[in-house]
J.: 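Structure below; questions to follow.
Here is the naming used below: chain letters follow the sequence lines, and residue numbers restart at 1 for every chain. The model shown is predicted, which means the values in this text are computed figures rather than measured ones.
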Amino acid sequence: MTENKKIRMATIWLDGCSGCHMSFLDMDERLIEIAQKVELVYSPYVDTKEFPENVDVTLMEGAIGSDHDLELLHKIRKNTKTLIAFGDCAVTGNVTAMRNTFTVESIFQRAYVETVDTPPKMPAAPVPTLLPKAKPLHEYVPVDFFIQGCPPNADLIYYILTELLAGRKPGTEVPMRFG
Amino acid sequence: MTPPLATVPLILTLTIDGQEVGAREGQTIFEVAKENNIPIPALCNLEGLPNLGACRLCVVEVKGARRLLPACATNVSEGMEVSTTNEKLQKYRKMVLELLFAERNHTCSVCVSNGRCELQGQAQAQGMDHVHVPYLFPKQLVDASHPKFVADHNRCILCQRCVRVCDEIEGAHTWDVMGRGINSKVITDMFEPWGLSESCTHCGKCVQVCPTGALFEKGKSVAEMVKKRQFLPYLNTMRKYHE
């Protein structure tokens, strides 16, 4: 099989904790099997700077919390055939969305003024601006598949990826739930 | 000796999912289905508490009825033809769950009931993979004023099991519902902090019957809250013998 016949896959983590990506790595030796079928074109695991065009599958971890996240989401949706919401933050907002009942100003006040030992300083450009609420991906763009879990366990990730790579729609053989 | 005819419950015959079943007059579809090992999903219903019909997860299709009917609040009748599982019901059950998730802040991953929650379990059982409506992220109260228990309204689904167990089993009626529609909330006494309630007996029955992590024991962390409900059949049996 030549290199360009591989499935072009990307992964990204936005407003999340990287736990889903850690769980991805927990596939251990099965990663070798996955690697034979896919070319990882963009990911925190590799060093590509710009999100490429013509991506077949993107696993997106994290909620949409900042203007930068939102810009990336729209670009990735445009460049990706199958967009997968990867983990509870991407599917529901999860822990990331727990800030949503407070204003951004009051959160910044708590994080950068009330609880710091050093002279207080608010984050400014080029740090992305927080949106008023952290929201799941599908509230902005159509999402093709949802993987629940905080984090989704490695067996579930493996099952869903191998089913999708084989051109099948994943069923419920490996149970999936929130939390 | 033959008892007078009036005291003999009328025996009815109906079909549930094509299966012929017998039932006594006055039984609900939910009870008859359960007796015949036909599972119907439910959240507000709990054996030993009076039926309420609050969650709408147990909706079933009855031939000839123009709308879906809650199995827990619909009595059986002769010749009734009930469907408990089909695509339409699945769609509505998922919708019920999605609305429950959207109208409060259910963060399963950091909940005391993670892995043991009935709402979380039903979402999995019904194949609810995401919530189609926008989340509301409402500001909700957390009442930690009680010395033993906490009420986290972010996780409440308004099933009113706490209200029913406190009124009907414990006899205290500390819990009730305040407000209407989406603004409804369960309250203690006259919407006073739980810890200041004069009617609360500190029995904890409300905590044990709560299907989610909305009511839990103080000191329990993520996934640590195990609800113990053995008292419910026990007290109901005792009561029956005393009547």
Side-chain angles (χ1 to χ4, degrees), chain A residues 16-17 19-20 23 60-65 83-104 106 131-153 156 160 169-179, chain B residues 41 43 85 90 94 97-142 152-157 182 185 211-214 216 220-225:
Chain A
C17 73
C20 301
S23 200
M60 191 178 271
E61 171 189 344
I64 302 302
L83 177 63
I84 302 177
F86 184 34
D88 275 359
C89 289
V91 180
T92 75
N94 197 27
V95 173
T96 314
M98 289 176 85
R99 73 167 168 90
N100 288 358
T101 55
F102 305 94
T103 61
V104 170
S106 68
L131 298 170
K133 283 181 167 47
K135 290 182 183 178
L137 313 183
H138 68 268
E139 290 202 16
Y140 292 106
V141 299
V143 170
D144 302 300
F145 201 81
F146 298 84
I147 304 182
Q148 300 163 11
C150 183
N153 74 46
L156 175 66
I160 287 172
K169 193 176 183 291
T172 51
E173 279 88 342
V174 180
M176 169 161 80
R177 69 160 164 83
F178 296 113
Chain B
L43 278 172
T85 324
Q90 187 80 1
K94 273 192 206 176
L97 289 166
E98 289 180 22
L99 293 173
L100 286 174
F101 273 97
E103 75 176 22
R104 298 275 170 127
N105 305 304
H106 297 278
T107 314
C108 299
S109 58
V110 292
C111 179
V112 288
S113 289
N114 188 9
R116 298 187 177 90
C117 171
E118 290 180 48
L119 179 66
Q120 183 188 32
Q122 284 298 348
Q124 184 179 19
Q126 306 304 323
M128 189 206 98
D129 65 350
H130 74 292
V131 172
H132 290 78
V133 295
Y135 285 91
L136 294 178
F137 303 117
K139 188 103 185 156
Q140 290 290 338
L141 295 167
V142 178
D152 184 347
H153 294 267
N154 289 292
R155 302 163 179 163
C156 176
I157 58 166
I182 207 160
K185 56 167 83 68
T212 70
F216 62 97
K220 289 287 194 296
S221 184
V222 174
E224 286 183 352
M225 185 63 218

J.: Quick check on Val133(B) against chain A: is it the side chain, the backbone, both or neither that has a heavy atom closer than 4.5 Å?
T.: backbone
J.: Decide yes or no for Phe102(A) and Lys139(B): does some side-chain heavy atom of the first lie under 4.5 Å from some side-chain heavy atom of the second?
T.: yes
J.: Mind listing the closest non-hydrogen atom pair of Phe137(B) and Ala134(A) along with its distance?
T.: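 Nearest pair, atom of Phe137(B) first, then Ala134(A): CZ-O, 3.8 Å.
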J.: Say you draw a straight line from CZ of Phe145(A) to NE2 of His130(B); how long is it, rounded to the nearest 0.5 Å?
T.: 11.5 Å
J.: I need the minimum non-hydrogen distance between Thr101(A) and Pro138(B), along with the two atoms involved.
T.: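 Scanning both residues completely, I find the closest heavy atoms to be CG2-O, 3.2 Å.
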J.: Tell me whether Gln148(A) contacts the main-chain N or O of Met128(B) through its side chain, where contact means a donor paired with an acceptor under 3.5 Å.
T.: yes
J.: For chain A, which residues from residues 112-120 of chain B lie under 4.5 Å away (heavy-atom distances)?
T.: Asn114(B), Gly115(B), Gln120(B)
J.: Give every residue pair that meets the salt bridge (Lys or Arg N to Asp or Glu O under 4.0 Å) criterion with at least one member in residues 119-135 of chain B, sequence neighbours excluded.
T.: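 Counting only pairs at least two positions apart or across chains, no salt bridge (Lys or Arg N to Asp or Glu O under 4.0 Å) contact touches residues 119-135 of chain B.
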J.: Below 4.5 Å from any heavy atom of chain B, which atoms of Ala90(A) appear? Answer side chain, backbone, both or neither.
T.: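 Ala90(A) has no heavy atom closer than 4.5 Å to chain B.
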J.: Output a table of donor-acceptor pairs, distance under 3.5 Å, between side-chain atoms of residues 135-142 of chain A and any protein atom two or more places apart or on a different chain; print 'none' if there are none.
T.:
from	atom 1	to	atom 2	distance (Å)
His138(A)	NE2	Val131(B)	O	2.7
Glu139(A)	OE2	Tyr135(B)	N	3.1

J.: Only counting residues at least two apart or in another chain, list the ones meeting ring pair (Phe, Tyr, Trp, His ring centres under 6.0 Å) with Phe216(B).
T.: none
J.: Could you point out which residue of Asp88(A), Val95(A), Thr92(A) forms a side-chain contact (heavy atoms from CB on, under 4.5 Å) with Thr107(B)?
T.: Val95(A)
